[in-house]
Amino acid sequence: MTPMLAQAQEPMTRAELLADDPLWLILLKCVVVLLIGPILTIFLIVWERKAVGRMQNRTGPNRVGPHGYLQSLADAIKLPFKEQVIPDTADRKIYFMAPVIAVVPALIGLAAIPFGPEVSIFGERTVLQLVELPVGVLLVLAGASIGVYGIVLAGWSSGSPYPLLGGLRSTAQVISYEIAMGLAIIGVALYAQSLSTGQIVDAQQSGWFFYLLLPSFVIYLISMVGETNRAPFDLPEAESELVGGFHTEYSSMKFAMFFLAEYVNMVIVSAFATTLFLGGYLFPFVGADSPLNQGWLPVLWFFAKTFLLLFCFIWLRGTLPRFRYDQFMKLGWKVLVPLGLIWVVLISAVRAIRNDGNVSTGQILVIGGIVIAVIVLLSLLLPEKKVPDSDSVPVTGGGHPVPPLDLRVPETTPRRKALKAKARSSRKQPAAVASAKEDSDGDV
Amino acid sequence: MTPMTPTTPLLAQATAEATVSTGEAIAFWILGPLALAGALGMVFARNAVHSALWLVLTMLTLGLLYLAQQAQFLGFTQIIVYTGAIMMLFLFVLMLAGRDSSDSVVEVLRGQRLAGALLGVGVAGLFATAMARGLADVTPAAPLDPWSPEGGGAGGLGRVIFGDYLFPFELTAALLITAAMGGMVLSFTTRHGKGGRKTQRELVEARFRGEYERPSPKPGPGVFATANSVATPALLPDGSVAPESLSELIENTSAARLEEQRRQVAGDVPKPDAHALVAPDESEEGKGK
């Protein structure tokens with residue numbers, strides 16, 4: 001594994017390049033990284049409203065600015081000036097702290113994401129990344145796991161039942177989906193042989209991980225939606241069940257901060273998925289020394305991939321109904337976690353065999369094929385589970401009168417005969433019409 | 001391969017040595033008091049959730065202290081596992097217990113406080129001697145290089161855990177699994193046993209068998225009715241008023257006041273002939289509103 005292909009001329013790793021950044025460059029990067037989140041949030045809200053609007057045959061916001069694209073800017077200016085309503089039963093200190101706890105870790109997460117390769121900023125050679133840690137992946141995960149405290153504490157401190165339920169749901173959700181997410185990331189770490197984000201991107205020069213590690217990618221995609229509390233997994237704020245969930249009692253700037261945290265988290269998990277599975281800033285089908293992968297152009301590829309994932313978030317919201325809570329938990333614990341565990345064991349086994357060196361790819365394929373065939377044959381031996389026929393109707397029992405199975409409906413009934421006879425006689429005697437009409441008036 | 005030097009005991013001596021960098025010293029003098037404050041706050045907070053939050057602060061600062069000492073993998077794992085998962089579970093349980101529940105001050109086990117105090121003093125003594133030794137005798141370890149496998153990275157740590165310390169690791173795993181299984185066995189109620197939960201399907205069948213009050217949910221007010229106000233009674237398919245839909249709780253529309261409308265909707269009041277040129281009764285309408 002040679003992770004430093006990008007810097008072939010001068011063997012300087014990303015970490016070394018970042019280490020000799022002057023202070024002004026670090027500050028500049030800090031400001032940019034901090035600004036990416038809020039700016040994308042403002043854009044994402046209006047983009048989401050317009051896209052969901054189009055999916056539902058509406059125009060979406062169309063008043064403020066050209067085609068309504070300045071709507072969320074107007075909202076962002078409006079929200080801080082709205083009145084704050086604080087419930088009497090709120091635990092005030094935690095109630096004030098919760099939005100801050102939700103936002104700050106969310107903003108930190110972008111620091112470890114590599115946006116581009118080596119570039120020169122005002123004559124200073126550096127890479128487009130704030131910090132390169134040997135465990136950058138864990139930094140993003142840690143940020144996500146701290147940020148959830150904001151949601152949980154907001155639910156608890158509001159002092160009313162609906163937010164509390166939202167907070168509880170959020171706790172259970174995060175614990176279960178973080179496990180699935182971690183298992184998905186283990187696959188990537190095993191393949192890249194590193195936990196540093198920059199080296200993971202470099203490791204994908206020979207092939208992006210989303211097709212090399214397809215199960216990991218799928219598990220990550222599902223758990224990232226669960227982790228960010230977005231539809232169809234937005235159970236902590238399910239508006240049809242819990243009013244607004246954890247932020248029911250929040251208003252004004254504090255509410256805006258929850259909004260900011262949610263959208264920044266969306267950006268982070270999308271950027272993270274781009275880094276882990278979609279080759280980061282790399283352009284497909286070309287090597288690292290191609291002009292497409294040099295200089296500032298890769299930033300464009302990075303954001304294109306991120307926006308693709310962000311659109312998937314919006315698309316999901318416009319398409320899928322919300323999960324029921326127990327189904328959601330079942331999906332996490334009974335499908336994603338076991339699948340992730342099996343997949344990790346499989347990858348480890350394949351890597352261990354590969355690293356041994358004596359086994360060729362053909363042999364691995366043949367042995368794998370035999371194993372799969374044996375499993376399929378064994379599964380045929382299992383007795384088939386008897387599926388109860390859901391369409392069957394109980395014929396007897398329950399105390400209700402049930403018609404016999406061989407019931408034949410007669411062609412005519414005595415009543416029908418009588419009606420026909422009546423009609424015939426009335427045609428013969430027009431005088432009877434008046435009395436018949438009076439009768440029918442009484443019926444109606 | 002040398003086993004990893006444990007990082008925690010280094011904390012105390014780190015500041016005492018002259019080789020400590022300024023940044024690390026500053027980090028220590030900020031984070032150390034914070035960790036201590038968190039621990040004290042946890043002990044003295046009245047509210048259980050506040051107590052848990054103070055503990056979160058301690059765990060977080062410990063993680064940051066590990067980071068300051070270049071044990072980055074350990075630091076982030078501490079944050080993810082302890083603050084992210086374990087304390088979250090604590091909070092979950094405390095929130096379920098309710099915000100107003102307070103500790104009981106009744107001594108349930110006889111002599112518990114005395115034993116607790118004695119053990120506490122003993123542990124404090126152990127810590128004090130360990131600290132004294134740490135401040136006086138121990139030579140500082142060389143700074144770790146987090147990029148090398150020996151420097152506390154995931155690879156080196158994994159090799160140590162699954163090589164040198166495999167048996168303790170497996171023992172811990174067995175202990176944890178036993179605890180989890182015990183918890184599940186104690187709290188598990190089977191669906192098939194008595195008092196077990198029914199599936200949706202079983203519930204529906206039981207309802208139609210007549211084991212419950214009625215097969216369907218109670219009708220919402222306004223269903224089948226002429227208006228969607230909550231004050232409008234629901235109509236059954238034959239046109240009569242569903243008595244369950246009349247809310248006793250809504251003061252303004254007591255059942256007595258609706259009596260007239262009910263009769264009108266149900267068709268008990270004689271109506272003029274459709275061909276009759278008479279306006280609907282004004283006084284009745286006015287009352288209805």
Side-chain angles (χ1 to χ4, degrees), chain A residues 13 15-16 89 91 93-94 97 101 105 112 132-149 152-153 155-159 164-165 167-176 178-179 182 186 189-190 193-196 199 324 326 388 390 394 397-400 441 444, chain B residues 47-50 52-53 56-57 59-60 63-64 67 70-96 98-100 144-149 151-158 197 200-201 205-206 208-210 267 271 273-275:
Chain A
T13 62
E16 281 163 3
T89 49
D91 188 318
K93 282 183 198 118
I94 297 183
M97 255 162 57
I101 297 178
E132 166 82 345
L133 293 172
V135 287
V137 169
L138 296 184
L139 171 76
V140 182
L141 276 185
S145 67
I146 298 291
V148 183
Y149 270 95
V152 173
L153 292 179
W156 178 78
S157 66
S158 293
L164 182 65
L165 285 175
L168 279 175
R169 283 183 175 191
S170 179
T171 329
Q173 186 166 330
V174 161
I175 291 171
S176 24
E178 230 172 41
I179 294 174
I186 286 178
L190 282 174
Q193 301 199 327
S194 168
L195 279 171
S196 105
Q199 289 186 1
R324 212 173 65 199
D326 58 328
S390 56
H400 291 287
D441 266 0
V444 172
Chain B
N47 190 315
V49 171
H50 289 180
L53 287 179
V56 170
L57 178 68
M59 303 263 186
L60 207 61
L64 293 177
L67 288 183
Q70 296 290 313
Q72 296 179 347
F73 183 78
L74 190 64
F76 280 118
T77 316
Q78 161 92 11
I79 292 176
I80 293 172
V81 173
Y82 280 92
T83 51
I86 293 181
M87 288 317 295
M88 196 57 95
L89 280 177
F90 268 62
L91 269 185
F92 187 72
V93 174
L94 291 176
M95 281 160 70
L96 277 181
R99 50 184 291 159
D100 296 325
L144 299 168
D145 174 20
W147 287 96
S148 69
L157 214 55
R197 274 184 56 218
Q200 225 168 356
R201 185 177 186 86
E205 281 170 359
F208 274 94
R209 242 181 266 124
K271 275 187 217 160
D273 186 10
H275 300 291

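The chains referred to below are lettered A, B, ... by the order of the sequence lines, with proteins before strands, and numbering in each begins at 1. Because the structure is predicted, anything quoted here is derived from the model rather than measured.
With a 4.5 angstrom heavy-atom cutoff, A/I175 touches chain B only via side-chain atoms. If you measure heavy-atom distances from B/L67 to chain A, you find no contacts under 4.5 Å at all. Of the atoms belonging to A/S196, it is side-chain heavy atoms, and not backbone ones, that fall under 4.5 Å from chain B. Interface remark: A/L164 contributes backbone and side-chain atoms alike to the contact with chain B (heavy atom separation under 4.5 Å). In this structure, chain B has a heavy atom under 4.5 Å from the side chain of A/L153, while its backbone stays farther away.
A donor-acceptor contact shorter than 3.5 Å links the side chain of B/Q78 to the backbone of B/M59.
Residues passing the side-chain contact (heavy atoms from CB on, under 4.5 Å) test with B/I86, sequence neighbours excluded: B/V81, B/Y82, B/F90.
Across every non-hydrogen atom of B/L157 and B/F73, the tightest pair is CD2-CD2, 3.4 Å. A/A112 and A/G136 make their closest contact through CB-O, 3.8 Å (heavy atoms, listed as atom of the first residue, atom of the second, distance).
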Could you list the donor-acceptor pairs under 3.5 angstrom formed between side-chain atoms of residues 140-149 of chain A and any protein atom two or more places apart in sequence or on another chain?
from: A/S145; atom 1: OG; to: A/A142; atom 2: O; distance (Å): 3.0
from: A/Y149; atom 1: OH; to: B/T83; atom 2: O; distance (Å): 2.4

